[in-house]
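Here is the structure we will look at.
We count ligands from 1, going down the list as the structure has it; atoms in each ligand are counted the same way.
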Amino acid sequence: VITTTVKFMNRFSAKDLDLKSCLLIFDRKLKNQAETKKVIAKFPLRYGVDGGERLKNIKGFPEHAEHILKILHAHNQKDLKIVVLGGGSVGDFAGFFASVLKRGTDLVLIPTTWLAAIDSAHGGKNGLNAGGFKNQIGSFYQPQSVYLVRDILLNQPDELMLDACGELFKIALISGGSLWKKVRKHNTFSALELWSFLPLAIRSKYQIVRQDPLEKRGYRQILNFGHTFGHIIESQLGVTHGRAVGQGLVFATEWSLNSGFLGPKQYEGIAQCPFYVDFSTQLKSSLKKLSAHKVRAGLQMDKKKSQKDELIFILPIRPGLCIRHKVKVKQVEKFFELQKKSGPL
Ligand SMILES: NC(=O)c1ccc[n+]([C@@H]2O[C@H](COP(=O)([O-])OP(=O)(O)OC[C@H]3O[C@@H](n4cnc5c(N)ncnc54)[C@H](O)[C@@H]3O)[C@@H](O)[C@H]2O)c1
Ligand SMILES: [Zn+2]
């Protein structure tokens, strides 16, 4: 059962938190912004990290853990809560830390990027990277609350907005309905528009997560739409998560068309979306830089989730309906070669 409370607020308010028993883990970059600087200053106990994919490297984890424990021991903490202020990387790192600290310590997330606000702060997944592959070490650990603070989110640079759009387009295509109708016509949003989409996008994610919180029944795998190939682009080419997922969505959609799951008419409705056109151009350039060898290595790591030489691909049938489909690693490699030659669209 998921008991996370999602709170929307215009300004950060600490009235529901006993600040003395909280340890804030925050992205140091946020000290330079007026809005987040004020939030950081409210917490007497805090630990700053450099947000970004490197934070998720498992090699750095023991040292962080020791530093944090030193802070905690000096304060003899009771009823401790870990509060996290940062993007998805800080959430994944600190979420994992909270899940193993004293075998589980209460967690509150305050996402500061659109990607984290729309997606990564919800659903209880965390993960560290190991051996050059993403999220190999992690747990399911639901935050007690997620605070979505308008004035923090509105202060982000525009480039972070583009990062979130891969996951927004994903959840919109998976859920269909009014979210899809809103998202399909755009390839950019104003910050206030994104803020106004948050409740619907988040509700759509919880609807899926709630049916399969621990990904035991397979249903939650639908949220991995775009991620199998996306993770290869992300880890091999250093593309940011959201943009890599956007490209992964195109790869899976082209596959769906090619293998007859997605009809030409439905395909057209998706492929004409401005976001799709942009991701597709980005995918073209990524494919040029990827070798079959790297793709195979990436697929092998993902493969672990299924048996033998098979992995689960999420394929769109129409907006509002995606299916899980078993594919062979060899088939994906072959399709990669095909796409590399001819390219999507
Ligand atoms: N756990 C999940 O369910 C889940 C889901 C999706 C993505 N993720 C993970 O999330 C990560 C990507 O998320 P992200 O893009 O938020 O990561 P991030 O934390 O790396 O943030 C991106 C960059 O923005 C900076 N930043 C953060 N807040 C800012 C602000 N308000 N203003 C200016 N700069 C700011 C960070 O320092 C960083 O350089 C990936 O590691 C991905 O694997 C996890
Ligand atoms: Zn993702």
Side-chain angles (χ1 to χ4, degrees), residues 4 12 25-37 39-40 48-58 84-96 98-99 107 109-129 133-143 146 148-171 174 191 194 201-202 205-206 208-209 213 215 220-231 233-235 238-249 314:
T4 306
F12 174 73
I25 299 183
F26 68 99
D27 188 329
R28 278 197 199 107
K29 229 181 248 171
L30 299 171
K31 269 189 178 165
N32 307 326
Q33 275 184 18
E35 201 56 42
T36 39
K37 196 177 168 181
V39 178
I40 295 167
V49 293
D50 292 320
E53 207 55 32
R54 272 187 59 196
L55 175 65
K56 288 178 53 170
N57 190 323
I58 189 152
V84 184
L85 182 72
S89 66
V90 188
D92 275 8
F93 159 81
F96 179 67
S99 81
L107 174 68
L109 298 176
I110 312 173
T112 63
T113 63
W114 289 116
L115 185 135
I118 288 178
D119 187 24
S120 70
H122 313 282
K125 273 191 183 180
N126 55 53
L128 299 179
N129 307 336
F133 296 100
K134 283 193 55 96
N135 303 332
Q136 299 294 306
I137 306 290
S139 61
F140 285 100
Y141 194 65
Q142 300 296 339
V146 180
L148 296 161
V149 187
R150 191 194 62 191
D151 287 1
I152 292 180
L153 291 170
L154 255 44
N155 264 311
Q156 293 170 66
D158 287 350
E159 71 208 44
L160 287 179
M161 186 169 317
L162 287 175
D163 272 342
C165 289
E167 302 281 8
L168 181 62
F169 192 72
K170 176 195 83 175
I171 193 71
I174 290 175
L194 259 191
I202 293 169
K205 177 163 183 182
Y206 278 101
I208 294 168
V209 171
E215 216 168 273
R220 188 176 171 163
Q221 285 173 345
I222 296 284
L223 291 170
N224 292 341
F225 183 23
H227 280 62
T228 300
F229 207 77
H231 277 162
I233 294 173
E234 186 179 357
S235 33
V239 172
T240 58
H241 182 76
R243 283 167 220 228
V245 167
Q247 297 172 41
L249 293 176
I314 310 303

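- Heavy-atom contacts of G87 reach the following atoms of ligand 1: 16 (O), 19 (O) (cutoff under 4.0 Å).
- Across all their heavy atoms, L153 and T113 have their closest contact at CD2-O, 3.8 Å.
- Nearest approach of A116 to G87, heavy atoms of both residues: CB-C, 3.9 Å.
- When only non-hydrogen protein atoms are considered, atom 36 (C) of ligand 1 lies nearest to D27 OD2, 3.2 Å.
- At the shortest separation from atom 32 (N) of ligand 1 among protein heavy atoms lies Q33 NE2, 3.0 Å.
- Ligand 1 has a nitrogen or oxygen under 3.5 angstrom from a nitrogen or oxygen of S89.
- The protein heavy-atom contact nearest to atom 14 (P) of ligand 1 is G88 N, 3.4 Å.
- The protein heavy-atom contact nearest to atom 8 (N) of ligand 1 is S120 CB, 3.6 Å.
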Legend entry - Residue pair F26, K31: steps toward the side chain to side chain contact (heavy atoms under 4.5 Å, CB included) verdict: CA-CA 9 Å; F26 68 99; K31 269 189 178 165; 4.0 Å; yes
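- The shortest non-hydrogen separation linking P111 to L148 is CG-CD2, 3.6 Å.
- Contact annotation: for H241 versus ligand 1, heavy atoms closer than 4.0 Å belong to the side chain alone.
- Atom CD1 in I314 sits 8.5 Å away from atom CZ in F225 (nearest 0.5 Å).
- The contact set between ligand 1 and Q156, taken as ligand atoms under 4.0 Å from a residue heavy atom, comprises 31 (N).
- Protein N/O/S atoms closer to the Zn ion (ligand 2) than 2.8 Å number 3 in this structure.
- At distances below 3.5 Å, at least one donor-acceptor pair connects side-chain atoms of R220 with backbone N or O atoms of P213.
- Among all protein heavy atoms, the one lying closest to atom 43 (O) of ligand 1 is K134 NZ, 2.8 Å.
- Side-chain atoms of N135 do not come within 3.5 Å of backbone N or O of L128 as any donor-acceptor pair.
- For ligand 1, the polar-atom distance check against K125 finds a nitrogen or oxygen pair separated by under 3.5 Å.
- One distance of note links CZ of R28 with CD1 of I40; it measures 11.0 Å at 0.5 Å rounding.
- Protein heavy atom at the shortest distance from atom 25 (C) of ligand 1 is K29 NZ, 3.8 Å.
- In P157, the part holding a heavy atom less than 4.0 Å from any atom of ligand 1 is the side chain.
- Here I58 contributes atom CD1 and I137 contributes atom CD1; the two are 4.5 Å apart, rounded to the nearest 0.5 Å.
- Closest protein heavy atom to atom 34 (N) of ligand 1: L160 CD1, 3.7 Å.
- Here's the thing with H122: none of its N/O atoms is less than 3.5 angstrom from an N/O atom of ligand 1.
- Although no hydrogens or angles enter the test, the distance criterion places no donor-acceptor pair under 3.5 Å between the side chain of N129 and the main chain of N57.
- Remark: ligand 1 atoms within the under-4.0 Å shell around heavy atoms of L115 are 7 (C), 10 (O), 12 (C), 13 (O).
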Kindly list each side-chain donor-acceptor pair under 3.5 angstrom involving residues 157-171, sequence neighbours excluded, with atom names and distances?
from, atom 1, to, atom 2, distance (Å)
D163, OD1, T240, OG1, 2.5
D163, OD1, R243, NE, 3.0
E167, OE1, K170, NZ, 3.0
E167, OE2, H227, NE2, 3.3
E167, OE2, H241, NE2, 2.8
K170, NZ, L223, O, 2.9

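- Listed by chain and residue number, D119 satisfy the salt bridge (charged side-chain N to carboxylate O under 4.0 Å, His left out) test with K205 (two or more places apart in sequence, or in another chain).
- Note that OH of Y206 and OG1 of T4 are 4.5 Å apart. Values are rounded to the nearest 0.5 Å.
- Shown in contact with G52 at under 4.0 Å from a heavy atom are these atoms of ligand 1, numbered in order with element: 20 (O).
- To the nearest 0.5 Å, atoms CD1 (I208) and CD1 (I174) are separated by 5.0 Å.
- For the pair E167 and ligand 1, the shortest N or O to N or O distance does not fall below 3.5 Å.
- Protein heavy atom at the shortest distance from atom 21 (O) of ligand 1 is T113 CG2, 3.8 Å.
- The structure places CG of L85 at 8.0 Å from CG of D27, a figure rounded to the nearest 0.5 Å.
- For a threshold of 3.5 Å applied to N or O pairs, the pair formed by K56 and ligand 1 contains at least one separation below that value.
- Note: an N/O pair closer than 3.5 Å links E53 and ligand 1 by distance alone.
- By the criterion of a heavy-atom distance under 4.0 Å, the side chain of D92, and not its backbone, is placed next to ligand 1.
- The main-chain N or O of V245 is never found under 3.5 Å from a side-chain atom of Q247 such that the two would form a donor-acceptor pair.
- Residue contacts with ligand 1, taken as heavy atom pairs separated by less than 4.0 Å, involve T112 via backbone and side-chain atoms alike.
- Ligand 1 has no nitrogen or oxygen under 3.5 angstrom from a nitrogen or oxygen of L30.
- Scanning for side-chain contact (heavy atoms from CB on, under 4.5 Å) contacts around N155 gives Q33, E35, with sequence neighbours left out.
- Of all the heavy atoms in D92 and G127, the pair that sits closest is CB-O, 3.5 Å.
- Judged by the shortest distance from any of its heavy atoms, D119 lies inside the 4.0 Å radius around the atoms of ligand 1.
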